[in-house]
There are 2 protein chains.
Amino acid sequence: MRTNPERRQALIDAAIEVLAREGARGLTFRAVDTQAKVPTGTASNYFSSRDDLLTQAGGRIYERLTPSDGTLASVHEGARDAARLKELMHEVVGRVSAFPTGFLALLELRLEATRRPELRAVLTQRIKADVDFNVSNHRESGLPGDDTSVKLLMLAFNWLILERLTLPDLYDEEEVHRIVEEAVDRVI
Amino acid sequence: MRTNPERRQALIDAAIEVLAREGARGLTFRAVDTQAKVPTGTASNYFSSRDDLLTQAGGRIYERLTPSDGTLASVHEGARDAARLKELMHEVVGRVSAFPTGFLALLELRLEATRRPELRAVLTQRIKADVDFNVSNHRESGLPGDDTSVKLLMLAFNWLILERLTLPDLYDEEEVHRIVEEAVDRVI
DNA sequence: AACTTAGTACTACAGACGGAGTGGTGTCAA
DNA sequence: TTGACACCACTCCGTCTGTAGTACTAAGTT
């Protein structure tokens, strides 16, 4: 078992790309090697099994989807009204959409979690933490809306992003914009 | 190319089960044969390619997810208020959740559509029709809420069902119930 | 400076698996 | 008798895993 941390990370990031592109079944050691442009057999040396690789990828995606400190700080800037909340929501939807492979890979993992209890546990914990994070973040921001607002917005926007990424012709740019605005208005 | 229609349909239904259980990559002629309990090679004789099978399955799922005439008629019964709408929404969420393989298979297909333009076109069209169907259905029902309400509820509930089916421990029964109620209240 | 050694990168190969496709045989009904 | 289909068996092919073995590099030792 090799330990070089940069290489390990590069392999996990490659695994995320493969997940998004080829699906969970397509995630093989060989495919990861190719994606990461390392010699055949390398991934084999770094991960004990496919399960291992899968769960580590599950953890890593969340690291990469987490907003930077900069965007996090900006939440506390500006007015404390619905208009500001809308701005922030547009930013979130944009940011997640901008890392499509991450979102798609996460979906693949969710589907795979149907079959793998261990992965399911990891994801459940991660996502629960993410919900709590968003709720408490919103609370202390002083922006309008309560805990339920946050949850409802998360539900709606997640599916909205899913629509955009899998069937881009379903909703156009303006429609998405409009939906985000309406959602915020109605939910708070 | 064989033509026996019952057999063909049985094979497509088997393909949906395989899709949900094994993912899009796991959808092979052999797997479908096994699922449908027909001899090896049968699916091969009925479909010209995997693509063919995939797109036909995409069409079929929607036939099966469409509500029965009975439930459709019941929309027009009872009061025209938020309470009745909530009831109906609980019914929808319940009905879709009750056919998990269909929902999961559809997700697999959406992800596969990322890679297959032809499948993407089929799904886009189907889902657009579904949205329109729900919107117009709601309009003539006289229930509270406008077109945007319907779209927002569809977005939120779709992701809610996704959560329930892929990570059942995330939201418990009561939480789901509460979210449905709150969503209706706020969105109309 | 030469030598040793540990950790890692890389290569190559063996074994196994599973899927596709197809040809052939059996069966039944028109 | 003939045609359509069900069923079965067999071969070819691609790909995956696991690992053994070699080459490299850098740090420590004398």
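Throughout, protein chains are lettered first and strands after them, A, B, ... in sequence-line order, and every chain is numbered starting at 1.
Cation-pi geometry between B:Arg2 and B:Phe47 is not met at under 6.0 angstrom from the ring centre and within 45 degrees of the axis.
A heavy-atom distance below 4.5 Å is found between the side chains of B:Thr148 and A:Arg178.
Residue-to-nucleotide proximity on DNA chain D shows that, of A:Ala31 and A:Gly41, the 5′-proximal contact is made by A:Ala31. Comparing B:Arg2 and A:Thr42 against DNA chain C, the residue whose closest nucleotide sits nearer the 5' end is A:Thr42.
For residues 4-28 of chain A, proximity to DNA chain D is found at A:Thr28, defined as any non-hydrogen atom under 4.0 angstrom from a strand atom.
In this structure, B:Thr40 reaches the bases: a heavy-atom distance under 4.0 Å links it to at least one base atom across the strands shown. As judged by a 4.0 angstrom heavy-atom cut-off over every strand, A:Tyr46 is placed among residues touching the sugar-phosphate backbone only.
B:Ser149 and A:Arg186 are linked by a side-chain donor-acceptor pair at a separation below 3.5 angstrom, with hydrogens and angles left out of the test.
The interatomic distance linking B:Arg30 (CZ) with C:dG21 (C1') rounds to 8 Å, in whole Å. Rounded to a whole Å, the CG atom of B:Asp33 is 12 Å from the P atom of C:dG21. Rounded to whole Å, atom P of D:dT17 lies 7 Å from atom CZ of A:Arg50. Spacing between atom CG of B:Asn45 and atom C1' of C:dG26 amounts to 15 Å, rounded to whole angstrom units. Separating the CZ atom of A:Phe47 from the P atom of D:dC16 is a distance of 17 Å, rounded to the nearest angstrom.
Considering only side-chain atoms of A:Phe29, the nucleotide from D:dG18, D:dA6, D:dT19 that sits closest is D:dG18. Nearest nucleotide to the side chain of B:Pro39, out of D:dC8, C:dC10, C:dA20: D:dC8.
Looking at B:Arg84, its side chain never comes within 3.5 Å of a backbone N or O of B:Gly78 through a donor-acceptor pair. Remark: the backbone N or O of A:Trp159 is not paired with any side-chain donor or acceptor of B:Asn158 at under 3.5 angstrom.
Salt-bridge check for B:Glu175 with A:Lys151: passed, with a basic side-chain N closer than 4.0 Å to an acidic carboxylate O.
By the neighbour-count criterion of 12 heavy atoms within 6.0 Å, atom CD of A:Glu118 is sparsely surrounded, having that number or fewer from other residues, nucleotides or ligands.
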